[in-house]
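The figures here come from the full heavy-atom set of this structure, side chains too, leaving out hydrogens, waters and symmetry mates.
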Amino acid sequence: NEVTDSKKVHLVKRPGLTQSTQILAGGGTARGLIYWDSAYYAVIGDKLYENAVAKQTLATSSGEVGFMKFDNAGVEYLFLCDGTNAYVINAAGTVTQVNQTYSAWAAATAKSVGDRVIPTVVNGYYYEVTATSGSAPYTTAPVTQPTWPITIGTTVVDNELTWTCMGEYGGFPTPHIPTPEFIDGYMLLPGYNSGDIYNSDVDNIYGWGGGNFVSAEMWPDVIVRLARQNNQLVAFGAQSTEFFYNAANASGSPFNRNEGTILQMGTCAPFAIYENERFLVFVAQSESGGRAVWKVEGFTPKKVS
């Protein structure tokens, strides 16, 4: 107090910490952690754990992984990507790989509901057995494969099997930067060492068409990280930042660049960004040099440090 020259001391009690759960006893490189659907999901080394139970062995054993919650037809799932592959986890803890390698259709071959194939002459779509007739084992046609529909949701009968066109195939980005974002029913990933942003089919995490991408190319750098700002997709490069919005394009990527909003600064690293409900905070860098902490609210950057 400048008048009385006295001081007041305010004590604030901080709560202590206690262990909630132990994922793994011993060593291993921690690569990512999320609490979802009343369970901890963590990647340590090449293993995905649900609490302390190993659920999946990954193809990679180092580097950060990305988690993202998403909604499909009112049901919430968890998406995991590790720079090479991607996986979907449902509420029961079942793990399914997204970028599966489907076998080609073969004559007189036994199949069951849920099996997937691609035509022998690749047309960019994959097909799943959704119904059977006759008695098991249910087989494909003895000689000739059916005429495959290319409209998602359309069915075709193949001897004792009914195939449904499930989605596009062949466009999943491998390798990628594991910073997924989910907007309007699409999962999006940036390609590694590129300016391309790849998207799944709408409401179909397993469908990734070869033409489902848009490029951030107003500045000659590559994408470092994807983020989200309200209804805008934000592509952070090394020296620039671009914004994209869902333009509902009929083919290719549904996203268009938001012209006039480019920032001539990027970020120094994929995980040097904090996403809030209303703004983004990131460690920025530019071609002219130097780093600082910036905040983006709307499309306006404000320097913090």
Evaluate whether atom CD of Glu259 has more than 12 neighbouring non-hydrogen atoms of other residues, nucleotides or ligands under 6.0 angstrom away.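 For Glu259, atom CD is crowded (more than 12 foreign heavy atoms under 6.0 Å).
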
Atom CD1 of residue position Ile150 - does it have more than 12 heavy atoms of other residues, nucleotides or ligands inside 6.0 Å?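 It does not: Ile150 CD1 has 12 such atoms or fewer within range.
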
Distance (rounded to the nearest 0.5 Å) between [X] [atom1] and [Y] [atom2]:
X: Phe243; Y: Asn258; atom1: CZ; atom2: CG; result: 8.0 Å
X: Phe255; Y: Phe244; atom1: CZ; atom2: CZ; result: 10.0 Å
X: Met218; Y: Ser240; atom1: CE; atom2: OG; result: 9.0 Å
X: Thr300; Y: Phe279; atom1: OG1; atom2: CZ; result: 14.5 Å
X: Asn85; Y: Thr60; atom1: CG; atom2: OG1; result: 7.5 Å
X: Tyr87; Y: Gln97; atom1: OH; atom2: CD; result: 4.5 Å

To check you understand the geometry: which heavy-atom pair defines the closest contact between [X] and [Y], and what is its length?
X: Val95; Y: Lys55; value: CG2-CB, 4.1 Å
X: Pro301; Y: Phe299; value: CD-O, 3.4 Å
X: Pro149; Y: Cys165; value: O-SG, 3.8 Å
X: Ala227; Y: Leu280; value: CB-CD2, 4.2 Å
X: Ala86; Y: Phe172; value: CB-CZ, 3.5 Å
X: Asn159; Y: Thr140; value: ND2-O, 3.1 Å

Where at least one partner belongs to residues 42-53, residue pairs that pass side-chain hydrogen bond (donor to acceptor under 3.5 Å, both in side chains), sequence neighbours excluded: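 Output for this query lists Tyr41-Glu50.
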
Can you pull the side-chain hydrogen bond (donor to acceptor under 3.5 Å, both in side chains) pairs that have at least one residue in residues 9-22, sequence neighbours excluded?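 Counting only pairs at least two positions apart or across chains, the side-chain hydrogen bond (donor to acceptor under 3.5 Å, both in side chains) contacts touching residues 9-22 are Ser20-Tyr40.
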
Considering residues at least two apart in sequence or located in another chain, which fulfil the side-chain contact (heavy atoms from CB on, under 4.5 Å) criterion with [X]?
X: Thr132; value: Val113, Val129, Tyr138, Leu161
X: Ala92; value: Asn90, Thr94
X: Ser112; value: Asp115

For a quick test of your reading: what N or O donor-acceptor pairs under 3.5 Å do the side chains of residues 186-194 make, sequence neighbours left out?
residue	atom	partner	partner atom	Å
Ser194	OG	Gly191	O	3.4
Ser194	OG	Asp196	N	3.2

Check whether the side chains of [X] and [Y] place a donor and an acceptor atom closer than 3.5 Å, and report yes or no.
X: Asn256; Y: Asn249; result: yes
X: Ser253; Y: Asn212; result: no
X: Arg116; Y: Ser103; result: no

Please test Val88 against Val98 for side-chain contact (heavy atoms from CB on, under 4.5 Å), starting from the C-alpha separation and ending with a verdict. CA-CA 7 Å; Val88 168; Val98 171; 3.6 Å; yes

Sequence neighbours left out, what pairs pass salt bridge (Lys or Arg N to Asp or Glu O under 4.0 Å) with at least one residue falling in [range]?
range: residues 166-189; answer: none
range: residues 152-161; answer: none
range: residues 296-305; answer: Arg278-Glu297, Lys295-Glu297
range: residues 218-242; answer: Arg225-Glu275, Glu242-Arg257

Using the rule that two of Ile, Leu, Val, Met, Phe, Trp, Tyr join whenever any of their side-chain heavy atoms come within less than 4.5 Å, decide whether [X] and [Y] are in one cluster.
X: Ile177; Y: Val234; result: no
X: Val156; Y: Val117; result: yes
X: Ile118; Y: Trp208; result: yes
X: Val43; Y: Val53; result: no
X: Tyr102; Y: Met166; result: yes

Give the table of side-chain donor-acceptor pairs shorter than 3.5 Å for residues 281-293, with sequence neighbours excluded, one pair per line with atom names and distance.
residue	atom	partner	partner atom	Å
Gln285	OE1	Arg291	NE	3.1
Gln285	OE1	Arg291	NH2	3.3
Gln285	NE2	Ala238	O	3.2
Ser286	OG	Ser288	OG	3.0

What do the steps show when you test Thr164 against Thr154 for side-chain contact (heavy atoms from CB on, under 4.5 Å), and what is the final call? CA-CA 6 Å; Thr164 299; Thr154 303; over 6 Å; no

Are side-chain heavy atoms of [X] and [Y] found at a separation under 4.5 Å?
X: Thr241; Y: Phe236; value: yes
X: Asn230; Y: Gln232; value: no
X: Thr109; Y: Thr139; value: no
X: Ile44; Y: Ile23; value: yes
X: Trp163; Y: Glu128; value: no
X: Ile223; Y: Ile197; value: yes
X: Pro146; Y: Trp105; value: yes
X: Tyr169; Y: Tyr125; value: no

Parallel, tilted or perpendicular for Tyr198 and Phe213, by the 30°/60° rule?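 Taking Phe213 first and then Tyr198, their aromatic rings sit tilted (interplane angle of 30° to 60°).
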
Is there a donor-acceptor pair closer than 3.5 Å between any side-chain N or O of Thr179 and the backbone N or O of Leu226?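 Here the side-chain-to-backbone pair exists.
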
Could you go step by step and tell me if Ile89 and Asp37 meet the side-chain contact (heavy atoms from CB on, under 4.5 Å) rule? CA-CA 10 Å; Ile89 306 165; Asp37 198 37; over 6 Å; no

Kindly say whether the aromatic ring centers of Tyr127 and Trp148 come within a distance under 6.0 Å.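 Ring centroids of Tyr127 and Trp148 are less than 6.0 Å from each other.
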
Val296/Gln229 under side-chain contact (heavy atoms from CB on, under 4.5 Å): CA gap, chis, key distance, verdict: CA-CA 9 Å; Val296 175; Gln229 170 78 318; 4.3 Å; yes

Going by atom type alone, with no hydrogens or angles, which donor-acceptor pairs under 3.5 Å involve a side-chain atom of residues 63-79 and a protein atom two or more places apart or on another chain?
residue	atom	partner	partner atom	Å
Asp71	OD1	Gly74	N	3.2
Glu76	OE2	Trp36	NE1	2.6

